Amino acid sequence: MNHQQTTARTAAQPAVTAPPLLAHLRPDAFTAPYRDPVWDGPTDPILVGDNLKGEWVLFYTQRRATAPGLTGVEWVHGTGVGVARSSDGGATWRYQGTVEGLVPPGTELPATLWAPDVVRIDDQWIMYLTVLGGRRTDWTGKAEIVQFASRDLENWEYLGGIDLDSPRVIDAAVAQCGDGRHRLWYKDEARGSNTYSAVSDTPEDPSSWVLEGVAIPGRPHEGPKVFPLGGHYWMIVDEWRGQAVYRSDDAADTWVRQEHLGGLILTAPESVDGRAVVGRHADVVPLAGGAPGERADGGTQLGF
C-alpha cells in the first residue's frame, strides 16, 4: 500500500460527531408551571441532564387529575411515569409520553407507578421507582421500591426490588454521601410516615441495600430529596405545608433541622387556577457557579 492509498482511506473515514452540549438549566425554567397535556396532574418531578442528546429530561408521576368517573383517590392510582424534554435549558418542554417497560414481572395490572428518582452511577442511569399493584380508591395496598437501569434514559431494564422490611415504602431518593457510600432515603408509611434510610456500596444491585433506620423522625412527611451545596449536604421533605429543610456534614449520620422560619421554605401560598398551593414534593438542581443561575455575589441559586 502506497502513501496515496493510505491517505485516501484515512480521509474516507467518517468524522466522529461530538454530542450536543447540555444547556445550563435556566433559573426561570418553571416560571410557567409544566402541565401534563394528558391528565394535567404532573407530580413528584425529577430533572436529569441527558448529555447524549444535550437535553434536560423531566420524569414525573402522571396523576390522572382530569380523568372522568373516578372515585376516592383512584386518580392517584393506575399512573405511569410521564416524561418531557427540553433543549433550551427548561424554557420550553416537549411531552414525550410515558416511559415504557417499568412494570415489574408479576405486578397486578393496571400497575401504579410513583415518584421516580434517576441517578447516574458509573456508566449507567439507575431509576428507583415506587410500584403498587392495581388501581385503588383508597390509600391501601403493598408499595415497594424497585430498580431499573438504562444507558440512554429511554430503554430500561428491570433489576429487581429492594427489601426494606416494610409493606409500604414510597418516594425513593438516592445520593452518594461524604463517606463515599450511596444511601437511599424513603418514606415508610408503616412506620409513622417518617424518612428512613438504607446504605449500599453497590447501589446498582437491589439486593445490596442494608437498612439503617429512621433518618428524619417526628412530624409525618414524604418526598425526601438530598443534594450537596456549599460544603454541606441538604435534605428537603414535604410536610404538606411547605418544604422542611435539614443539613448534614456528610449525609451519612445526623441531620439537623434548620431554625430559620421554623425550618420551612416555600410556605407562602401561590395561586394556580384560583387554588392556593404551597411547595410540595420537589426536586432540586443546584445551578453551578458561572451558569445563568449564578448570583451577582458569586453564590449559587437553586432550581426547584
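Bear in mind the structure is a predicted one, so any value in this text is a computation, not a measurement.
A cation-pi arrangement, defined by a distance under 6.0 Å to the six-membered ring centre and an angle within 45 degrees of its axis, is present between R63 and W75.
Here the CG-CG distance, from N51 to L21, works out to 9.0 Å after rounding to the nearest 0.5 Å. Summarising the geometry, atom CG belonging to L58 is positioned 5.0 Å from atom CZ belonging to F30; distances are rounded to the nearest 0.5 Å. Taking OH of Y158 as the reference point, atom CG of L129 lies at 10.0 Å (rounded to 0.5 Å). Atom CH2 of W156 sits about 4.0 Å away from atom CE of M127, to the nearest 0.5 Å. Here the NE2-SG distance, from H182 to C177, works out to 8.0 Å after rounding to the nearest 0.5 Å. Atoms OG1 and CG, on T267 and L261 in that order, are 7.0 Å from each other to the nearest 0.5 Å.
Looking at V278 and R280, their side chains come closer than 4.5 Å, going by heavy atoms from C-beta outward. Counting heavy atoms from C-beta on, the side chains of L211 and L164 come closer than 4.5 Å. Within the 4.5 Å cutoff, no side-chain heavy atoms of V245 are placed close to those of W255. Side-chain contact check for M235 versus W185: some heavy-atom pair is nearer than 4.5 Å. Under the 4.5 Å side-chain criterion, counting only non-hydrogen atoms from C-beta, Y246 is in contact with V237. Taking 4.5 Å as the limit, some side-chain heavy atom of R85 sits within range of a side-chain heavy atom of L153. The shortest side-chain heavy-atom distance between E144 and P104 does not fall under the 4.5 Å cut-off. The closest side-chain heavy-atom distance from H281 to T43 is not below 4.5 Å.
Closest of all the heavy-atom pairs between T130 and D171 is OG1-N, 3.0 Å. Across I145 and Y128, no two heavy atoms sit closer than the pair CG2-CB, 4.4 Å. In terms of heavy atoms, A198 sits closest to Y186 at N-CE2, 4.3 Å. Closest of all the heavy-atom pairs between S200 and S208 is OG-OG, 2.6 Å. Nearest heavy atom pair, residue H24 against residue W56, reads C-NE1, 4.0 Å. Across every non-hydrogen atom of D44 and P116, the tightest pair is O-CD, 4.1 Å.
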Salt bridge (Lys or Arg N to Asp or Glu O under 4.0 Å) between R183 and E212, intermediate numbers included: CA-CA 9 Å; R183 279 176 174 78; E212 291 188 307; 3.1 Å; yes
Worked verdict on V146 versus I162 for side chain to side chain contact (heavy atoms under 4.5 Å, CB included): CA-CA 6 Å; V146 303; I162 303 174; over 6 Å; no
CA sep, side-chain torsions, deciding dist, call: T195, H221, side chain to side chain contact (heavy atoms under 4.5 Å, CB included): CA-CA 8 Å; T195 293; H221 55 270; 2.8 Å; yes
V73/T137 under side chain to side chain contact (heavy atoms under 4.5 Å, CB included): CA gap, chis, key distance, verdict: CA-CA 5 Å; V73 291; T137 60; 5.6 Å; no
Full working for side chain to side chain contact (heavy atoms under 4.5 Å, CB included) between R64 and L70: CA-CA 9 Å; R64 300 178 300 139; L70 303 183; 3.9 Å; yes
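In the hydrophobic clustering of this structure, W125 groups with V81; members are Ile, Leu, Val, Met, Phe, Trp, Tyr whose side-chain heavy atoms approach within less than 4.5 Å, directly or through other members. No chain of hydrophobic side-chain contacts below 4.5 Å, direct or via other Ile, Leu, Val, Met, Phe, Trp or Tyr residues, connects L102 to I170. When the side chains of ILVMFWY residues are joined at heavy-atom separations under 4.5 Å, either directly or via intervening members, V256 and L229 end up in two distinct hydrophobic clusters. Under the 4.5 Å side-chain heavy-atom criterion for Ile, Leu, Val, Met, Phe, Trp and Tyr, V99 and V57 are members of the same hydrophobic cluster. Under the 4.5 Å side-chain heavy-atom criterion for grouping Ile, Leu, Val, Met, Phe, Trp and Tyr, F148 is connected to L113 within one hydrophobic cluster.
More than 12 heavy atoms of other shown residues, nucleotides or ligands fall within 6.0 angstrom of atom CD in Q124.
W39 places no side-chain N or O within donor-acceptor distance of the main-chain N or O of D36, the cut-off being under 3.5 Å. One N or O on the side chain of D88 and one on the backbone of T92 form a donor-acceptor pair closer than 3.5 Å. Proximity of a side-chain donor or acceptor of D117 to a complementary backbone N or O of V174 within less than 3.5 Å is detected. At distances below 3.5 Å, at least one donor-acceptor pair connects side-chain atoms of S248 with backbone N or O atoms of T254. Here the side chain of R181 pairs no donor or acceptor atom with the backbone of Q176 at under 3.5 angstrom. In this structure a side-chain-to-backbone donor-acceptor pair under 3.5 Å is missing from T112 to G133.
In this model, no donor atom of one side chain and acceptor atom of the other lie less than 3.5 Å apart for D250 and Y233. Inspection of the T66 and D40 side chains reveals no N or O donor paired with an N or O acceptor under 3.5 Å. W209 and Q147 are linked by a side-chain donor-acceptor pair at a separation below 3.5 angstrom, with hydrogens and angles left out of the test. Checking E222 against W240 by side-chain atom types alone, a donor-acceptor pair falls below 3.5 Å. Side chains of Y34 and Y95: no donor on one and acceptor on the other come within 3.5 Å.
Under the 4.0 Å criterion applied to side-chain N and carboxylate O atoms, E259 and R257 are not assigned as salt-bridge partners. Between R219 and E239 a salt bridge is recorded (basic side-chain N to carboxylate O distance below 4.0 Å). Checked for salt-bridge contact, K225 and D283 meet the test: a charged N lies under 4.0 Å from a carboxylate O. Using a cutoff of 4.0 Å between basic side-chain nitrogens and carboxylate oxygens, K53 and E55 are not scored as salt-bridged. We find that R191 and D165 are joined by a salt bridge, their nearest charged nitrogen and carboxylate oxygen being less than 4.0 Å apart.
Scanning for salt bridge (Lys or Arg N to Asp or Glu O under 4.0 Å) contacts around D28 gives R26, with sequence neighbours left out.
Within the 6.0 Å centre-distance limit, the rings of W114 and H77 are counted as a close aromatic pair.
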